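Written below as structure tokens is the structure these notes are about.
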Amino acid sequence: MKVAFYTLGCKVNWYETEAIGKIFQSNGYEIVTEINSADVVVVNTCAVTAISSQKSRQAIRRAIRANPNAVVCVLGCYAQNSPAEISAIDGVDVIVGTAERMKIVELVEQVLKNRDEKILRVDDVEKISAFEELPHTPQRTRAFLKIEDGCNNFCAYCIIPYLRGRVRSRSLENIRAECLELAAGGYREIVLTGIHIGAYGADFKNKISLVDAVKTVLDAANPLRLRLGSIESAEMSDELIDLIKSDERICNHVHLPLQSGSDEILKSMRRPYTTKNFAALTSKLVKEIPDISIGTDLIVGFPNETEKNFAETLDFVQAQPFSKIHVFPFSAREGTLAATMQNQIPAQVKRERAARALEISAAKEKIFAEKLIGKTVEIIAETQEENFIDGLTKNYVRVYVPASSEINSGDVVKVHVEKIFRNGVLATSYKLQATS
Ligand code: SF4
């Protein structure tokens, strides 16, 4: 039997797709990339914005059209949020939310025995208190390692806590066990992922934090690089900053979601910091960690955001040492506080504000990448295409090198950066590094 996957959304979803693939493989299934040659198609969905839900719906319909005879299984955040909507789509056979993924093969096989059956298995995530362990083998050079699920914050705009439940941290023992497998598999870069990794340990009785999880990974996997996923600024402890500074294996790249540069809007969003706290943290990071890249997320057009609030935001982000800003026009999610707020901002205004914020992001991205011109940097080679192979520096700049039979995916390569190119830089000379 053959199974194909279609994944939307964040790194957690990609990790979970890889894990679900492993569950199918251990039950004798072969993973294929062509949807039309599969017996089973799994669509792992996203619902973080209204557009994500729409794209998830389109992906489900496309999968059914491409292969009407396959068992179509829909899971993930959109399935958790809108099971009735999915159930109404003709051709969907199994619907699973953001829990109980371990049972997926069992459910698919139930349908294979009786093609008239439709299975809906979406549980109340509020009641789940344990991290769901899933078997996992990464597919790429860079391995995602999920250490946490869920969120307790309930930011006013965010649907995620309703779809993923409360914080559940993975035990240090199980993190260690997966890291030993990653070490044996020769993965050079590990990326810590989760819904809210800064809250790691909040559900444990003893005082275990993200720092303990990071130390466990460094000790058990000893990766060449360890990259941290998005961390809330309020949770970036001095201990964690010291660890990033002192351990060369931890990438000098952090993602700190800002969301707004107006204190009034931050308060209304229920974000637990002020612009003053945020700026104090970024100036500390820049001072302590050389060449650090700081990425961020920004929501524009939040309800009640005036031109004055937005101008404050633009001034603030302009002054911040960001290397990239991911800009999201506000998307009202039913069930959240922000969706019930008065003074929703018209779509056209949101689009205009997004364009203005993106201009700042593009300029900052270029300025950051230009700092590499003339320098020799290290990348881990990733994607091969006809003319180029690319990879990321530790501080998250994409580097393109002319394709060569000497460079393979996963190689550690020293490159000399020549100029700005595509979404990163071009390097024209390189030296292969010997690594153990
Ligand atoms: S911290 Fe806020 S934005 Fe992030 S997942 Fe939790 S509720 Fe959503």
Side-chain angles (χ1 to χ4, degrees), residues 8-16 45-53 76-78 80-81 97-99 125-126 128-129 131-132 144 146-170 191-203 209-210 213 228-237 240 254-263 265-275 277-278 281 294-303 305 313 317 325-341 357:
L8 299 105
C10 64
K11 292 190 177 88
V12 173
N13 258 18
W14 284 90
Y15 176 95
E16 289 171 351
T45 60
C46 173
V48 71
T49 63
I51 298 217
S52 319
S53 293
C77 289
Y78 176 57
Q80 186 71 37
N81 195 38
T98 55
V125 282
E126 305 277 331
I128 303 169
S129 57
F131 182 89
E132 188 183 22
F144 298 134
K146 185 177 163 193
I147 61 166
E148 183 275 340
D149 206 339
C151 178
N152 300 343
N153 270 24
F154 290 92
C155 298
Y157 52 82
C158 186
I159 189 82
I160 297 299
Y162 304 94
L163 307 181
R164 288 274 178 177
R166 300 295 78 73
V167 169
R168 281 104 64 204
S169 308
R170 191 175 192 183
V191 185
L192 290 196
T193 62
I195 296 299
H196 185 169
I197 66 169
Y200 178 86
D203 52 327
S209 73
L210 179 60
L228 306 177
S230 176
I231 297 179
E232 288 294 332
S233 57
E235 285 152 0
M236 184 60 96
S237 65
L240 186 56
V254 290
H255 186 88
L256 306 171
L258 169 68
Q259 311 302 13
S260 174
S262 149
D263 285 323
I265 297 296
L266 283 177
K267 197 166 171 212
S268 170
M269 285 176 164
R270 294 191 164 174
R271 300 287 291 166
Y273 52 86
T274 60
T275 49
N277 305 140
F278 193 95
L281 173 66
I294 304 174
T296 197
D297 296 332
L298 194 66
I299 296 175
V300 299
F302 189 75
E305 185 189 63
T313 291
V317 295
I325 306 166
H326 297 265
V327 180
F328 302 91
F330 169 72
S331 165
R333 305 304 283 134
E334 203 183 318
T336 62
L337 180 66
T340 65
M341 289 178 176

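Both ligands and their constituent atoms are indexed starting at 1 by order of listing. Remember, predicted model here, so these are calculated numbers, not experimental data.
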### Side-chain donor/acceptor of Arg270 to backbone N/O of Tyr157, under 3.5 Å
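It does not hold such a pair.
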### Query
Would a distance-only check, ignoring hydrogens and angles, find a side-chain to backbone donor-acceptor pair under 3.5 Å from Thr98 to Leu163?
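Such a contact is found between Thr98 side chain and Leu163 backbone.
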### Message
Quick test of your reading of the model: are Lys146 and Glu16 salt-bridged, counting only N-O distances below 4.0 Å?
### Response
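Result for this pair is yes, salt bridge flagged.
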### Message
Less than 4.0 angstrom from a charged side-chain N to a carboxylate O is my criterion; do Glu126 and Arg166 meet it?
### Response
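Answer for the salt bridge query: yes.
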### Message
One pair to check against side-chain contact (heavy atoms from CB on, under 4.5 Å): Leu337 and Met341. What are the steps and the verdict?
### Response
CA-CA 7 Å; Leu337 180 66; Met341 289 178 176; 4.1 Å; yes
### Task
Have a look around atom 8 (Fe) of ligand 1 and list protein N/O/S atoms under 2.8 Å, or say none.
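Checking every protein N, O and S atom gives Cys158 SG.
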### Message
Set out, in order, the CA-CA distance, both residues' side-chain angles and the distance that settles side-chain contact (heavy atoms from CB on, under 4.5 Å) for Ile265 and Thr313, then state yes or no.
### Response
CA-CA 9 Å; Ile265 297 296; Thr313 291; over 6 Å; no
### Query
Hey, does Arg271 sit under 4.0 Å from ligand 1 if you only count heavy atoms?
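Contact check Arg271 vs ligand 1: positive.
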### Query
Got a sec, which residues hit salt bridge (Lys or Arg N to Asp or Glu O under 4.0 Å) with Glu305, two or more places apart in sequence or on another chain?
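Result, salt bridge (Lys or Arg N to Asp or Glu O under 4.0 Å) vs Glu305: Arg353.
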### Task
Could you tell me the residue and atom name of the protein heavy atom closest to atom 4 (Fe) of ligand 1, and the distance to it rounded to 0.1 Å?
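It is Glu232 OE2, 4.0 Å.
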